[in-house]
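Shown next, in structure tokens, is the structure this report addresses.
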Amino acid sequence: MRMSLERPTGADAAGDELGSRSLLRAAWLADDVLLLACGSRGRSAGDMSRASAPSRVAARALARPSKPAAAGRSADCVLAARLAADALDDAGAVLEFDAGDERLVAAASELDEALTDLRTLLREQLASWNPTARSALLAFGASLAAEHGWSRSLVDGLHRMSEALRERLPLAVVDERAERVVAVERLHRVDDHAFYVKGWLWDSAAAVERLTAVSPAGERVELLERAFRHARSDVAERFDIPDGERPSDRSGFVCHYETAAPIRIGGDWVFELFDGTGRGVETAVELTTTDPQTATRAIVADMTLATHDVDALAETQLRPALSRLQAARRDRAEAVASESHGDPPRDPELSIIVPLYRRVDLLEHQLVQFADDPTLRRCELIYVLDSPDQHELASDLARELARLYELPFRLLTLSENAGCELARAAGAAAARAPLLLFVDSDVLPLRRGWIEPLIRFQAATPRIGALAPKLVYEDDAIQHAGLCLERAEGATEWTQRHVFKGLHRTLPAANVARPVPAVSGACMLVDAQLYRSTENRRWLYVQGGYEDSDLCLELAAAGRESWYLPQVELHHLEGLSYPVPEREANDRYNRWLHSRLHGAAIEALTERGASRPA
Amino acid sequence: MARKVLYVCHNHPRVRAGGAETYAHELHLAMRSQPVWEPTFLAKSGPPLSRSGRTHEGAYVSPVDGADAEYFLYADGYDFDWLYGTMRHSKELYTRHLREFLLALEPDVVHFQHTLFIGYDAIRETRRTLPGVPIVYTLHEFLPICHNKGQMVRTMDGELCAEESPRRCSECFPELSPPTFLLRKRFIQAQLGLVDLFVAPSAMLLERFVEWGLPRERILLEEYGRRAPVGGPAPERSPPHDRLGFFGQLNPYKGIDVLLAAMAELAGDASPAAARDRGDGAEARLTRPQLRVHGANLDLQEHGFRDRVGQLLAQAGDHVSSLGAYGPKQLDELMAAVDWVVVPSTWWENSPLVIQEAFAHGRPVICSDIGGMAEKVAHERNGLHFRCGDARSLAATIRRAVETPGLWEHLRAGIPPVHSLDEHVTVLANAYERLIEQRRAELAA
């Protein structure tokens with residue numbers, strides 16, 4: 001039995017002047033939290049003759065603000081205390097629940113007799129409290145969790161409390177004749193404490209005053225101030241908003257919001273809409289999905305909702321949600337399997353890191369090209385499987401190919417699909433060489449001896465950041481000859497452009513080695529120590545682009561220059577390695593984020609003329 | 001000192017008698033009679049060309065009908081990838097089964113006649129398992145270059161293709177992207193990069209492969225060697241020389257439909273009405289070209305083609321007799337019954353064995369004016385060319401061939417000697433010796 005022996009503050013130190021409440025009902029709110037419904041104050045503690053001295057238990061209390069005459073037997077006050085489940089076993093024990101200005105003294109046997117299930121207690125004792133009082137009860141319940149921690153059984157209990165006591169509003173009906181409507185189309189779990197909602201509202205009676213999310217545990221979060229509002233032509237259509245008013249229509253909303261309680265249980269979220277008339281409607285929804293990848297995709301797609309106010313949307317809603325999702329992804333991603341084939345060089349000069357996603361067959365095509373190149377024997381070759389459901393296939397294939405080609409390599413498998421950037425990072429973490437070469441799986445060297453010039457140039461160039469060769473398509477067109485960063489007239493965002501893309505690989509201007517603001521990560525050489533010293537916010541980007549540029553800009557900020565070396569050429573069969581259908585949507589967000597993080601630095605670079613191709 | 005050479009082929013002529021495997025097997029037998037060389041013949045068997053697969057548990061080779069130097073290689077359970085020319089996923093066919101065979105045999109030279117159904121990886125495995133052994137590879141058609149059965153004929157319209165590119169190949173196979181074709185090319189070229197010597201039976205084929213990327217210095221231009229007919233060349237025939245012979249598969253690439261269309265046109269010529277139009281008087285033409293078709297596998301073709309052939313046969317009437325399939329032993333007899341051999345292929349051809357067989361029997365050849373055919377048959381000297389795919393042109397050529405007095409004799413006189421199998425064996429044996437030395441020197445360096 002766990003008891004607190006401290007006297008609560010604010011109590012009468014002399015002890016017994018506060019009368020004890022009478023016990024009406026008791027129920028377990030959680031495995032270790034007892035809820036007591038109490039009636040009027042009566043006898044003082046000293047009045048009672050007890051078998052044993054009472055044990056003090058620290059408690060919290062909420063008194064009913066006012067009680068209507070006809071309220072009957074319902075409780076006047078609620079106490080809650082942390083108590084072990086077996087505390088009531090000793091029938092002779094006496095417990096004194098001390099909540100400062102409220103007290104209850106009761107024998108364990110009395111408590112046992114008054115014990116009922118939570119639902120009964122709520123229904124019988126508390127349901128008749130008025131709405132404001134019930135609201136206070138729910139807040140009281142939430143405050144218990146803040147004190148005692150969010151155990152699953154407590155959240156569960158609060159959920160049931162919320163179900164029983166929440167003041168229900170009329171259900172919103174999506175109908176043109178309705179006076180007010182709130183509709184939720186998507187609700188995503190970002191993590192235990194963060195959620196993202198998309199929906200719309202309509203009110204013909206008065207201005208909207210309150211948009212509240214009520215969690216399954218009864219916690220209330222006000223959304224109106226923090227939500228991003230946008231036009232919804234379909235709503236305007238449905239409710240016949242006159243054309244003249246449409247530009248200022250803001251019936252749509254998306255909102256990223258956080259809860260104090262971790263929500264790990266299922267159950268409905270309720271969204272309440274209140275307007276100036278004091279009336280409201282509510283709608284109840286379950287989570288659309290808990291799958292983080294689905295949530296990410298959906299949230300990124302919402303970039304299109306903003307026309308001129310992209311920053312407002314992206315910064316206040318998308319970025320917080322996506323950052324959390326990406327951070328969780330980063331934290332979850334780790335290499336869970338590692339297989340080594342053959343004997344790698346003891347002191348490799350270079351670690352080649354290749355993410356593999358779905359196109360596991362590309363492993364064979366690369367090994368075919370690597371196997372006949374003696375330079376590869378001085379390197380460590382690491383493949384990182386980013387589609388772990390193919391682990392068995394990849395593992396079998398790797399073993400077969402290792403035997404046939406006799407080129408040593410490792411195959412790491414990630415715990416889940418984490419995206420190209422995290423796959424590279426996992427490979428880098430496992431790499432032993434002083435130089436790292438990131439290579440996409442759909443990149444094939446054109447000829448042997450391609451690594452040597454890269455290593456030499458790296459060594460000979462002071463303050464070098466990232467180094468990348470020329471990449472060409474299957475028809476001899478340039479795929480990569482360095483990146484430049486540009487911004488359209490009047491635009492706020494910087495975009496990254498592959499210079500000379502599509503032109504023939506022999507174009508003279510594309511065959512000059514030169515420093516560039518950024519290079520592609522499809523084939524990128526960087527010093528291992530330098531790489532590991534970067535702060536690395538690349539995981540913030542949603543799979544698909546700008547991570548390369550981010551790295552190069554971070555290196556530039558540290559005084560490093562990235563270079564393009566056309567003497568080395570490889571085929572890049574672009575798009576085979578990470579076919580991402582959502583690429584365009586991801587790009588919009590990544591581009592915004594990239595400008596957000598680096599805009600000032602890029603401007604400075606541009607002023608120095610460094611961001612244009614030489 | 002005895003030397004061992006291993007011939008690797010995609011099929012054994014005893015299973016199905018295609019051109020390349022027939023030649024390869026003849027070569028093997030000829031090598032056997034050489035004093036120095038002990039050849040072994042390894043032919044892929046089982047599906048798809050043969051219905052019977054592997055029978056002995058754990059053994060992936062078995063002797064061919066009890067022969068001591070001929071083996072079947074089974075790939076049962078392995079999945080051949082037609083696009084890349086490799087076994088998908090499991091490479092144990094090479095890394096275990098082929099390897100074991102190579103280690104047991106210990107050849108001094110490995111000569112690939114084909115890697116179809118086996119995979120280019122066999123070359124790599126050979127180099128890995130026997131690093132000191134030179135590798136020879138005979139090119140029989142354009143399979144490394146062209147995914148359309150190695151014919152370099154376009155899929156959409158049957159047009160001849162002279163140059164591959166990822167884009168053009170993707171046009172022929174729209175479900176495969178251009179980058180995929182680049183992958184194919186890079187893969188195949190990387191494996192072929194281990195070959196020490198290629199053998200090209202025709203200059204045309206050699207040039208195509210050089211253009212594609214094989215190093216010229218590594219290709220030997222060497223015609224197929226053929227054994228002379230057992231009974232000597234077929235006897236000279238007296239005029240009229242109006243008997244034509246077709247020897248080959250009844251498929252579109254061999255041009256049987258072009259030939260039959262020409263015969264249908266010629267059948268029109270021979271009618272009394274036509275004779276009157278030509279002003280021959282009441283006498284109907286005595287000279288009626290007759291075609292004897294020797295070949296099979298019409299039933300394997302698409303039904304559109306089958307129907308067309310059926311139609312044309314009907315139109316050609318009794319100018320055409322279909323004599324069905326034939327075996328090598330019957331060839332000599334069959335050659336004796338014709339004056340001309342027609343090779344109307346609509347693909348480039350490399351060095352059609354039937355041309356050599358025709359020449360061996362003193363039969364001039366009428367052939368398409370492209371590729372290996374035009375190279376091996378000299379127009380107006382030992383044969384006649386017609387416009388490839390053009391039935392009218394072929395009909396006119398046949399008419400001329402049949403009606404021009406003395407032409408047959410003149411062309412027959414111009415037939416060059418056929419490259420003998422003995423000479424061929426000598427050339428190859430010398431090449432093998434040279435390569436062994438070369439490989440030894442390379443490894444020492």
Side-chain angles (χ1 to χ4, degrees), chain A residues 341-342 359-374 376 390 392-407 440-450 471-477 479 502 504-505 522 569-579, chain B residues 78-79 81 83-100 102 118-131 135 163-171 176-195 213 215 442 445:
Chain A
H341 299 282
R359 289 293 305 266
V360 168
D361 60 309
L362 293 175
L363 170 65
E364 179 171 9
H365 291 284
Q366 273 196 339
L367 287 179
V368 169
Q369 304 305 329
F370 290 166
D372 296 330
D373 190 334
L376 259 294
Q390 294 181 301
E392 217 179 289
L393 171 68
S395 182
D396 286 348
L397 183 62
R399 205 177 333 115
E400 303 268 352
L401 296 174
R403 213 179 296 150
L404 186 55
Y405 292 101
E406 297 187 326
L407 180 68
D440 276 1
S441 57
D442 55 359
V443 169
L444 302 178
L446 242 64
R447 38 196 93 81
R448 293 181 205 176
W450 58 284
L471 301 176
V472 299
Y473 288 112
E474 78 282 354
D475 57 358
D476 282 353
Q479 189 274 327
H504 198 270
R505 49 177 268 273
E569 279 181 305
L570 298 96
H571 272 126
H572 183 193
L573 307 179
E574 190 183 40
L576 292 188
S577 59
Y578 263 93
Chain B
Y78 290 92
D79 189 14
D81 184 324
L83 178 64
Y84 294 106
T86 182
M87 287 302 177
R88 281 191 196 101
H89 178 16
S90 177
K91 307 289 180 181
E92 287 199 343
L93 178 67
Y94 318 116
T95 57
R96 191 176 298 169
H97 309 300
L98 180 62
R99 181 178 168 86
E100 278 167 15
L102 291 171
I118 303 173
Y120 296 103
D121 305 54
I123 301 170
R124 182 151 305 260
E125 184 59 47
T126 303
R127 179 47 44 93
R128 174 176 96 93
T129 300
L130 304 170
I135 298 170
E163 197 188 331
E164 60 78 39
S165 76
R167 185 194 64 82
R168 283 172 63 82
C169 295
S170 179
E171 274 185 337
L176 300 171
S177 67
T180 302
F181 280 103
L182 183 80
L183 272 182
R184 178 185 185 274
K185 183 173 180 176
R186 298 296 311 271
F187 177 83
I188 296 174
Q189 285 188 337
Q191 311 292 30
L192 291 180
L194 299 174
V195 171
E442 274 167 17

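The sequence lines fix the lettering, A, B, ..., with proteins before strands; numbering per chain opens at 1.
Under 4.0 Å is where a charged nitrogen must lie from a carboxylate oxygen, and between A:E474 and B:K185 no such pair does. In summary, A:D372 and B:R124 engage in a salt bridge, as defined by a charged side-chain N under 4.0 Å from a carboxylate O. A salt bridge is absent between B:K91 and B:E125; no separation between the charged side-chain nitrogens and carboxylate oxygens falls under 4.0 Å. Between B:E171 and B:R167, at least one side-chain N (NZ, or NE/NH1/NH2) sits under 4.0 Å from a carboxylate O, which counts as a salt bridge.
Heavy-atom distances place both the backbone and the side chain of A:D396 under 4.5 Å from chain B. Interface residue B:T86: only side-chain heavy atoms are found under 4.5 Å from chain A. Contact annotation for B:Y84: only side-chain heavy atoms (C-beta onward) come within less than 4.5 Å of a heavy atom of chain A. For chain A, no part of B:S165 is nearby; none of its heavy atoms comes within less than 4.5 Å.
To the nearest 0.5 Å, atom NE2 of residue A:H365 and atom CZ of residue B:R186 are 11.5 Å apart.
With chain A as the partner, the residue from B:R99, B:E92, B:Q189, B:R88 showing the most heavy-atom pairs under 4.5 Å is B:E92. Heavy-atom pairs under 4.5 Å with chain B were tallied for A:D475, A:V368, A:L404; the largest tally goes to A:L404.
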